[in-house]
There are 2 protein chains.
Amino acid sequence: MATTKADGKAQAKTEYNAFLAVCPSRQLLDRISDKWVVLILCALGGDTPEPLGAPHTPKAMRYSELARLLTGVSQKMLTQTLRALERDGLLTRTVTPTVPVTVTYELTDLGHSLHHLTRDLRQWAQTHMDAVLTHRESHDARTS
Amino acid sequence: MATTKADGKAQAKTEYNAFLAVCPSRQLLDRISDKWVVLILCALGGDTPEPLGAPHTPKAMRYSELARLLTGVSQKMLTQTLRALERDGLLTRTVTPTVPVTVTYELTDLGHSLHHLTRDLRQWAQTHMDAVLTHRESHDARTS
DNA sequence: CTGTATCCACTGCGATACTG
DNA sequence: CAGTATCGCAGTGGATACAG
């Protein structure tokens, strides 16, 4: 990524700056474009749409809560993603030295601002799922 | 991923339906959460922020144009992503049988609605990049 | 409870070469 | 120009076991 001295032809590859490549947004985009990131932000943002007897609107969550909520995520991915988000200042990690140690995660203001977007994303997905599925079917049918 | 016959305990793995997992939105979320998808949508949406003498506000783009704009993308990924987006009805693929065949891609209404979100995403990334980088540095410094 | 570390399988993805 | 097909590596990510 770094611009080397001799960047003649290699320029196109080493620093693909076209469009929004070398632009800082590109790096964040890669981070945001992560399945678990979106889900964690939604969870910590209190989106949990659980129709069943779920508390709803929780902001701070414990590690085990997240693990339970995001079924299917391995602890490796969960920890890894949480660490990355903490590093970027999107959420805070608070360790309470109780008997069995307690760790809670909470969105920062920055995290909240991004949460609005992931929330819209989730909402869009739900709203237009039918249209997509329908189009997908007809497209597959067309594909002999 | 397919639900096997004996899915007793394996249930947690085969169908991670908690939160928004089994929910249709989950599938679309996976698709949206793709680096190239976001970039293609931004490109076709006319976001190209090229400060240099670039046309700007183009809606329909040719294959080669996209390939040139999204420097760093392999034709495999570009084609693959375009196909997927076409299948989902987010964009249309028009083949004009000229001498050297011409293929243009254009967002559908559905694609445009999603483009608004990817546009916000890109904007957010650009706006808050500094904050993230700053926090990342101080965090790394703290990490002895 | 909340992780960290290791192993390992899968496949995403780039590079390359070939077709219409 | 606009793809498709094949190969092969490397990173992603799951399962398991261990630690503070």
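Order of the sequence lines fixes the chain letters, A, B, ..., with proteins taken first and strands second; residue numbering starts at 1 for each chain.
Separating the CE atom of A:Met77 from the P atom of D:dG13 is a distance of 5 Å, rounded to the nearest angstrom. What separates CG of B:Asp34 from P of D:dT12 is a distance of 14 Å, to the nearest Å. Summarising the geometry, the separation between CZ on B:Arg68 and P on D:dG3 is reported as 14 Å, rounded to the nearest angstrom. Regarding A:Leu66, its CG atom lies at a distance of 10 Å from the P atom of C:dG3, rounded to whole Å. Between the P atom of C:dG14 and the CG atom of B:Leu70 lies a distance of 12 Å, rounded to the nearest Å. The distance from atom OH of B:Tyr63 to atom P of C:dG20 is 18 Å, rounded to the nearest whole Å.
When all heavy atoms of A:Cys42 and A:Arg122 are compared, the closest pair comes out as SG-CD, 3.8 Å. Closest heavy-atom contact between B:Leu41 and B:Gly111: CD2-O, 4.0 Å. Shown here for B:Ser113 and A:Trp124, the closest heavy-atom pair between the two residues is OG-NE1, 2.9 Å.
For D:dA2, the OP1/OP2 oxygens have a side-chain nitrogen or oxygen of B:Ser64 closer than 4.0 Å. A close approach under 4.0 Å does occur between a side-chain nitrogen or oxygen of B:Arg62 and OP1 or OP2 of D:dA2.
Between B:His135 and B:His139, the ring planes are parallel. Angles under 30° get that label, and only those over 60° would be called perpendicular.
Annotation: proximity of residues 78-86 of chain B to DNA chain D (heavy atom, distance under 4.0 Å) is found for B:Thr79, B:Arg83, numbered in ascending order. Of the residues in residues 91-107 of chain A, A:Arg93, A:Pro100, A:Val101, A:Val103, A:Tyr105 come within less than 4.0 Å of DNA chain C through at least one heavy atom, sorted by number.
Of the candidate nucleotides D:dA15, C:dG14, C:dT2, D:dA15 has the atom nearest to the side chain of A:Lys76. Taking the side chain of A:Gln75 as heavy atoms from C-beta on, and the options D:dG14, D:dT16, D:dT4, the nearest nucleotide is D:dT16.
Checked by atom type and distance alone, the side chain of B:Thr79 never pairs as donor or acceptor with a backbone atom of B:Lys76 at under 3.5 Å.
Taken from OG in A:Ser74 to CH2 in A:Trp36, the straight-line distance is 7.5 Å, to the nearest 0.5 Å.
Between the side chains of B:His116 and A:Asp120, no donor-acceptor pair of N or O atoms lies under 3.5 Å.
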Show me the donor-acceptor pairs, under 3.5 Å and distance only, between side chains in residues 86-97 of chain B and residues at least two apart or in other chains.
from    : atom 1 : to       : atom 2 : distance (Å)
B:Arg87 : NH1    : A:Asp140 : OD1    : 2.8
B:Arg87 : NH1    : A:Asp140 : OD2    : 2.5
B:Asp88 : OD1    : A:Arg136 : NE     : 2.7
B:Asp88 : OD1    : A:Arg136 : NH2    : 3.0
B:Asp88 : OD2    : A:Arg136 : NH2    : 3.2
B:Asp88 : OD2    : B:Arg31  : NE     : 3.2
B:Thr92 : OG1    : B:Glu106 : O      : 3.3
B:Arg93 : NE     : B:Tyr105 : OH     : 3.4

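The only member of A:Leu66, A:Val37, A:Leu70, A:Leu39 that meets side-chain contact (heavy atoms from CB on, under 4.5 Å) when paired with A:Thr81 is A:Val37.
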